[in-house]
Q: 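Quick one: this structure, given as C-alpha cells, is what I'll be asking you about.
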Amino acid sequence: MNSLISIRSDFPSIQQKVNGNSVIYLDGPAGTQVPKQVLEAMNYYYTHHNSNTHGHFMASQETDQILEEVRQKVATFLNAPGSECISFGQNMTTLNYSLSKGLGRIFTPGDEIVITQLDHEANRGPWLALEELGIATREIKLLANGTLDYDSADLVINKKTKLVCVGLASNIFGTINDIARIKQKAEEVGAYLLIDAVHAAPHCSIDVQELDCDFLLCSAYKFYGPHVGLLYCRPGLLDNVPTDRLRTQESVAPYKIETGTLNHAAIAGVGAAIEFIASRGEGENLRSQLVAALEEIHQHEIKLAKALWRGLDSIPGVHLLGPPIDSPERAPTLAFTIEGLTPAEICQYLGKAGIYAWDGHFYAIRAVEVLDIMKIGGVTRMGVVVYNTMEEIDRTIREVRTLAEQTYRLRQKGSTVKS
Ligand SMILES: Cc1ncc(COP(=O)(O)O)c(C=O)c1O
C-alpha cells in the first residue's frame, strides 16, 4: 500500500506560504488541490493530442480514444455497467439543468418532484425551475441536527412523485444520507432516484449499482481533478430523455446531453485524477484499487476530522453543527460558529494565518434558511481531504482557540474583535 504520508509532495500548490506560514487547505469541499499527475496529463494532452474529435488524422483519433478511455475510467470509479452511462459536462450544475430541461418535457403538469432542504442548490434549483411547467416540487425536511427527516420523506414521496433528488453527503454538515431508505420509498411509487454525489465523491467509493439510482452526478474538481461535471444515467434511460441537442450531435447516450466541444484536456485530467486515487490502493484492477484507496483515504480523513471536531469542541464559545463526528457514517466536513464573531470574520482571521476555510452557506442555502443561521452569516466550514495532516489540524485548533479567547476577552470589555 502506498503511504498517504508521501502524497503531499504530489501537490505543488500546498507547498505555498502566506505571511510566512505554510498554507493549510481546509477548503476541500469547495474544490480540492490538483496533483502533478493531473497537471501533467492536461499538459501532455495539449502538447501531444490537441485536436477536435472524429477526424481522419492521428491527434483527432487520439482525442477520441482519450475521451472513451476516461469515460470508462469514470464508469469504473462509479461502478457503472459501462462507459455509455457516463456523460461529460461543464460542471454538475449545468448537467443537472440540462437533465431537468429534458425530463421536464416528459413529466406532465400535476407530476411532482421531491427535493430536500439539505441539498446544495444545484440539486434544487434545476427542479424548482420546472414549477413553471406545472410540475410541483415537495421538500424532505431538515432536522436541527443536520440530518434529513425521513418521516417527512414518507409523507412527500407519493404516487404523483416522478423523481426524488437527494444528496449522498451534505456539503455543509457532512451528513451522509440514508439513500437506501429513500430508494425504497421512491421504488414503491415508481419514481426515479437522482443522487448528487459531488460532496461524497472524494471521501468514499461510489457504487451506482448498489445505490440502485437512475441518475448520479459528481464533479471532478472535488476529487483532485479539473473542472468537469460527470453524469451517470442508468443504461437505456438517457436515450429516452429529449435533451437540448443540435441535430449534428449523436442522439443516443451518453452523447445526447453533451453540447459543443468538450474540454478535452480537462477530461484527460479527470482520467489522471482517478488513476491518482487508485494508485493509493492495492488491487487486481482499477475498481478494486479505487475501493481500497478510498477506504484508506476515509480512515485518514475521519481520524483528522475527529481530532478537529474534538479540538474545536473544547474551545469555549465554539458551537459545532451537524451530526456528531462519531456518527457511524460521516463525511469529514465540519461546520461551526464562534460566539461574537461572524463566519466571515473567522475566515478573514484564519486566512491571514494561512488557513483556508469558507464562510456562509456554500449554496446549501435552504439548509441555512431552515435552521435560521443566515442572520449570523451562516457557518464556518472546514473540510479534511487526503493531503491534510495532524500538524495542520493542531495548528488550526490553536488559531481558532486564540481567536475565540481574544474575542471572549474583548466581549468582556464590551469591545469587538479586529481580525
Ligand atoms: C454537494 C454539491 N452539489 C453540487 C455542487 C455543484 O457542483 P458544480 O460546481 O460542479 O456545479 C456542489 C459544489 O460545491 C456541491 O458541493
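Atoms within a ligand are numbered from 1 in the order they appear, just like the ligands themselves. What's counted below: heavy atoms across the whole structure, side chains too, no hydrogens, waters or symmetry copies. In this text, all values refer to a predicted model and were calculated from it rather than measured experimentally.
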Q: What residue pairs, at least two apart or across chains, pass salt bridge (Lys or Arg N to Asp or Glu O under 4.0 Å) with a residue in residues 378-397?
A: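 Non-adjacent pairs meeting salt bridge (Lys or Arg N to Asp or Glu O under 4.0 Å): R8-E392.
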
Q: Between K306 and D313, is the closest basic N to carboxylate O distance under 4.0 Å?
A: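 Salt bridge flag = no for K306 with D313.
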
Q: Please assess H48 against E62 for the test side-chain hydrogen bond (donor to acceptor under 3.5 Å, both in side chains), listing each intermediate value before the final yes or no.
A: CA-CA 9 Å; H48 290 78; E62 287 166 350; over 6 Å; no

Q: What donor-acceptor contacts under 3.5 angstrom involve side-chain atoms of residues 335-343, with partners at least two apart or in another chain?
A:
unit_1, atom_1, unit_2, atom_2, d
E339, OE2, H319, NE2, 2.6
T342, OG1, E345, N, 3.1
T342, OG1, E345, OE1, 3.4

Q: Who's touching ligand 1 if we go heavy atoms under 4.0 Å?
A: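 Residues near ligand 1: N91, M92, T93, H120, A122, N171, D196, V198, H199, S219, Y221, K222.
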
Q: List the residues meeting ring pair (Phe, Tyr, Trp, His ring centres under 6.0 Å) with Y387, not counting sequence neighbours, and say none if there are none.
A: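 If we apply the ring pair (Phe, Tyr, Trp, His ring centres under 6.0 Å) test to Y387, skipping adjacent residues, the hits are F11.
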
Q: Do other residues, nucleotides or ligands put more than 12 heavy atoms under 6.0 Å from K36 NZ?
A: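 Counting other residues, nucleotides and ligands, NZ of K36 exceeds 12 neighbours.
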
